[in-house]
Structure formats: structure tokens, C-alpha cells
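Quick note on labels: first sequence line is chain A, next is B, and so on, each numbered from 1.
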2 protein chains.
Amino acid sequence: MRPLVEGVLPKVRFRDPQIEMAHGAGGKASRRLIEGLIVPLLSEHPSEPLADAAVLDIEGRRLAITTDSFVVKPLSFPGGSIGDLAVNGTVNDLAVSGAIPRAMVVTLILEAGLPTEVLEIELRAMAKAARQAGVSIVGGDTKVVEHGMADRMYITTTGIGELMPGVSLSPKTVRPGDQILLSGPIGDHGITILLARGDLELDADLRSDTRPVTAMVQALVEATAPGLRWMRDPTRGGVASSLNELARDSGAGLVLSEGRIPMRDTVRGACELLGLDPLHIANEGQFLAVMAPEFAELALRAMQQVPGGEEAVIIGEVKEGPIRTVLCETPYGGSRVVDMLVGDPLPRIC
Amino acid sequence: MRPLVEGVLPKVRFRDPQIEMAHGAGGKASRRLIEGLIVPLLSEHPSEPLADAAVLDIEGRRLAITTDSFVVKPLSFPGGSIGDLAVNGTVNDLAVSGAIPRAMVVTLILEAGLPTEVLEIELRAMAKAARQAGVSIVGGDTKVVEHGMADRMYITTTGIGELMPGVSLSPKTVRPGDQILLSGPIGDHGITILLARGDLELDADLRSDTRPVTAMVQALVEATAPGLRWMRDPTRGGVASSLNELARDSGAGLVLSEGRIPMRDTVRGACELLGLDPLHIANEGQFLAVMAPEFAELALRAMQQVPGGEEAVIIGEVKEGPIRTVLCETPYGGSRVVDMLVGDPLPRIC
């Protein structure tokens, strides 16, 4: 679930006459569609920034709820499949909202003619991912459409979680001096999907990073809850889009050290070949956190002690300015503005 | 959300090699897919009967959660559109589970090339339906797929509600002598969709019954909570499929009086013309309730006093047997077995 944020900027207006692939890519076009049309029409409070999950206050219990549809193509790829993504994506949206996943419901839209074997593989993938993430699937719905009216199968998951005590996350709490943490190497998921489509004549040993980040988030919260300001899983639109949203909603300037951002050689190489910015490439098993400076080292150690968190790193710092901007300092002393994703280099990434 | 019920019968096995339209129609084929494949793989408790909504116990608060995808074709039809259905369908699944809807999240799968105007019309329909049902839309997600990979737009809604105090619904509580109530005339939605597709050369003044049933359910609960055994909204698969599920899960026999089942002449005529059983036709704004006999008249009056509930009626009675069977007594003294929907007379009805 992407943030439905109006924030501090003037209203955007959606004037495009029809929906294009870029409107689903998680970058600027998605933002215009969501903030310029969907949120103003559907939300009762369109001016309130919402996070990856909405928070419900039901008789004193604070619950988080989040929903996502998955249309990834191809259905399966090295390291995972649509079934894994559908569970982990929702689990992770809850986690970065500071919530422990409690229950999940699932809907399937199936294309007539889908082999039962394919469905069974994805159901097993979902069940396994749910077990690993410690969440129960409690209900669902199945629809079938004619052959040619869907691309094999689409999955929608909705998760409910309980907010961890002591966690208070908001872009508004971010202060100059805060440190920006990243859980591990970027771009694995997006480049894996790109390679799996076979559009590139590249044969690389790369796997999607799809996984639950709940254990890492819990370790972080237990060690450093009072210092934790904000978290986000940088999926569609990548680290660049998540941090641009933070820059906008907090009003702060964010400065990254390019040399510190972990990335596999395959991802770097594929991005250079295609002229893509790795900061725009989707991730599925990573998250960003902003920490008060006095907690940053403790936070890093907490994350690194969780299996899978060994490569966690501090990638940048919150500054006074330039306001609402993400800058990336290169190892050679220069710096460049990191913008949100424009256009749609990788459609149907999740 | 359809019940994921294993119930008392032996396990069904799903052996079909591929998914067909009938697997989405809400009848026997859907049941085999859900109970023979999806539930055994996804659920931790595949042998527990679940209702239209799953109940979560979160630190003492009993919450209901339900989810449904909507793929209705055409997108709009007399009396409503996919946007109305998507909100009312989920609101009604909560209502018949005895829950007051509190919040809803929404995902959209959009086909590239969809005119913005069509999207805007459906967003406005959703917003209006949500306002009428008193539920807030608190978050969502939007995906876009290539032209030809969806049929304009699909919507998934997930609703959370709080269970009304004093309500305890289960097929297991149903007893011989209990009365079967129906909120109004059947078949309006299904036949409206059929006519809107233009497959029939019929021009009839008929509208979908899409609407929230929350007010009627609340009136019923306030008046007769201790006598209320079971409720269900007879959507896909119609009254016949809902009551067959009840017969199976309760072990009881259900006997309907055909002459008492309200139905418009257009619905009756279209069904006769097409050889369809009106009891198999989908409804969107009706519900069935089973009441202890001493509460039945009170229940009927409570429903009839709510605007839109004037046509509520008692259509039958729970008997000792024939067990797990739905019988329909004709006005001429005969009776026939009412089975679940077999096949798929009306695909993509919701």
C-alpha cells in the first residue's frame, strides 16, 4: 500500500486523459494519479499524510491495516514468485509501519485456462511465506475471468497488525542530524524481474530479495524505539522514490553517500547497461529507517545481528536543506539531485 | 468473501486440470476449488467452518474482516456499477457476520488505456456508497497492467468491522422449527447484469438491488439478537447456494415455500425464458436470516420498518430432515430438491 499523502505541497491535479503503464510504476505519474484523483475522491481526510499502512483506533487498540494487489510478470523468477511477494509485500508494509502482522486475507483473480498446477504452486508459496512471517491467512475470495482478461493470476493481500508499543513513526518527527539506515543491497528484485523477462541477453546469478523484514524491524524497535522516526520499504520506485516522499513530507533535505549504498555488481552492471539509476529499482526485502543520531550505531548493530541483516548500513543523513530534496554525494566529491522515478522502466514489478 | 467451510462432510478433492469460468461462479465448482485446493493449502485450520467474514480476537476485541475482488461485466448497469458493488459487497459481508463496518481498504487493477473518466465515475461511486454505508476508506493500492491484460478495471475491497454485542451466529445453532427470513425480492442483480450484456433481446425495467443491508441487520439485531442464528447475503450462486451451505453445515433440512419467495415478474420471465432457477440468480442487496420461531414475527416487523425492508418475508422453515437438503414446496402441493448452482449460467456477476 503506497502512502496516500497530500503533505505540505499544493494540490496536484490529474489531467491525463487515460491510464498508462507509468501510472502504476510507483514514481511521479503514480503520485499524480493517487494524489490528484484517487485520494481526493475516496478519502475523507485527503490532506492527512498516511503511511504504508493506515492506523485504526478501535476502542483503544491501535491496529494497522494495509492492502496491495500483485500483478508481477513473470509469475515466478529466481528467488521467488507472485505468491511470496503477495505475502511478504503486505507483511513488510505492516512491519515498516511498526506493526506485528496478525492476520491476512487474500483474493485471487484467475484467468480461465490457468493450469491448476500453477495455482497450486502459488498457493504453496503463499502458505510457506505466511508461515515464515508468522501470519495466519484467515479468509479470502476467488474470481475467474475469461481467457485473455487477466495475465494468468493476480493476487490481492490485506494484512492487519498490532502496533508495537513505544513506536511513533512520522515524517514530521525527522530532524537534521538523523541518520538514514538501509537494511541491505538494493535493486536485486527489480533487476531479477528484468532478467527473468528475457528482454536482456544477460545470464546473471541474481535472485529477488523477497523476504519478510519483520524480525529486523522488531530487533530495531526493541533496541531503539525512542530514536526511531520513520521506516519504509522501498519497493516500486526504489529508494529514490521512498526518500523523495520523506523529503517532501518532512520538509528536510536528505543527503546520501553514494559510495555507502550496497549493491551487487550484477545490479550495477545491468543499470549501467540500461541507463537506469539503481536508486529507482524496486526492492522487496529491504527497508529504510531514519534514526536519531544517538541511536544510529545501536540500531545498526541490532539489525546486523538478525540473520539477513548483516549488510545493514548507514547510507546518509538528514540535513537542514536543500529542503524537500534528496542529494547523492558521489565518491569523487560531487553531488547530484536524486529525483523520483519518472516514466516506467520496469512495469509490473510487483 | 465466501465461506471456507470444510464442515461435516468428507474432504472434496480438486482434480480439474485447469481453471474454468464455473470455478468462479459460486456454485459446486467454486466449492470444489475452494475446499479441495485453496483452503487446505492456505488455512491453518482447514476443518473449521468460517463465515462470510473471519473473526479476529485482538486483545479482547472481536473484529470481523472480509475481502472480495470484483470483476463484474459490464462495469456499469442499471442501478449500479462495479464501484457500488465493491463497497456494498464487503459492507454486506460484514453485516451478515453481525459486524458494523468500521474501515475499508481498496485496491485497483487498471488496464492501460482505461479512460480517466471511467475511473473517476467508479471512484465517485465508491465514495458515495461508502458514505451511505457509513464506512471510511482509509487506504489503498493501484496497479496498472498492459492493454489486454485486464478488462478495464478490477476492484478489491477489504472491510473491518466490530461485532455487535449479543450476536452469536453459527450454522451449528440452527434448530428444527427455526424460521427462514429473506429481506426482499430475489434475482434483480443477476438478471439486470444479464440484460445489460445485451445477450438477450429483452428490454425490461429492472435495476440491480446493490445496496448496504447494514441498517436492516442492525434493526434485526436490536430487536431479536438472542433469537438470531445465522445470516448470509445470497450473492453468487443465489439463495439456493447459500441455503445449501447452511443445510450442509447445520446438518438440518430446509424447506422453502415457493409461493412465498418474492420475485419481480421480469426476473421470473427471464428465468423461464432461459431455463434458469431464480434461486440460483445472484443478489447484491438482500440477505437471509434464520430465527428462533418465537422471534420470527418480531424480526419480520423490525426488518419491514427499515426503509427498503418493506418486502421482507418468511420463506421457509428448518426441519429435522431430509438432512443436509434444501426442499422447495410448490404451490400445487409438490416439492423439489433445490441444489447448489452447477455450471456457470452468469459469469462475472460481481
Out of [options], which one racks up the most heavy-atom pairs below 4.5 Å with chain A?
| options | value |
| --- | --- |
| B/E111, B/Q18, B/E120 | B/Q18 |
| B/R152, B/R15, B/R124 | B/R124 |
| B/C350, B/P347, B/S30, B/P17 | B/P17 |
| B/G24, B/S69, B/A22, B/A127 | B/S69 |

4.5 Å side-chain heavy-atom contact, [X] and [Y]:
| X | Y | value |
| --- | --- | --- |
| A/P212 | A/N92 | yes |
| A/T235 | A/E284 | yes |
| B/D233 | B/N283 | no |

Give, as side chain, backbone, both or neither, the part of [X] having an atom under 4.5 angstrom from any heavy atom of chain B.
| X | answer |
| --- | --- |
| A/L56 | side chain |
| A/E162 | side chain |
| A/K128 | neither |
| A/L119 | side chain |
| A/L42 | both |
| A/T156 | side chain |

Original post:
Should the pair B/E146-A/R348 be classified as a salt bridge under the 4.0 Å nitrogen-to-oxygen rule?
Top reply: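 Counted as a salt bridge, because a side-chain N and a carboxylate O are separated by less than 4.0 Å.
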Among [options], single out the residue with the greatest number of heavy-atom pairs under 4.5 Å to chain B.
| options | answer |
| --- | --- |
| A/P115, A/G113, A/A103 | A/G113 |
| A/D16, A/L108, A/V145, A/T142 | A/V145 |
| A/L110, A/T116, A/L63 | A/T116 |
| A/V71, A/V118, A/T107, A/D151 | A/T107 |
| A/G148, A/S136, A/A25, A/A130 | A/S136 |

Least distance between heavy atoms, [X] atom then [Y] atom:
| X | Y | answer |
| --- | --- | --- |
| B/T66 | B/A53 | CB-CB, 3.8 Å |
| A/M126 | A/I137 | O-CD1, 4.3 Å |
| B/A95 | B/M231 | O-CE, 3.7 Å |

Original post:
Do A/D84 and A/S81 have a side chain donor and acceptor closer than 3.5 Å?
Top reply: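 The answer is yes; a qualifying pair exists.
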Side chain, backbone, both or neither: which part of [X] has a heavy atom under 4.5 Å from chain A?
| X | value |
| --- | --- |
| B/L114 | both |
| B/A150 | both |
| B/I109 | side chain |

Original post:
Roughly how far, to the nearest 0.5 Å, is the NZ atom of A/K143 from the CZ atom of B/R236?
Top reply: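 The distance works out to 4.0 Å.
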**OP:** Please check if atom CZ in A/R62 has more than 12 non-hydrogen atoms from other residues, nucleotides or ligands closer than 6.0 Å.
**Re:**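 No, CZ of A/R62 has 12 or fewer neighbouring heavy atoms, counting only those of other groups under 6.0 Å.
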**OP:** Kindly assign one of parallel, tilted or perpendicular to the pair B/Y154 and A/Y154, based on the angle between their ring planes and the thresholds 30° and 60°.
**Re:**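 B/Y154 vs A/Y154 ring planes: tilted.
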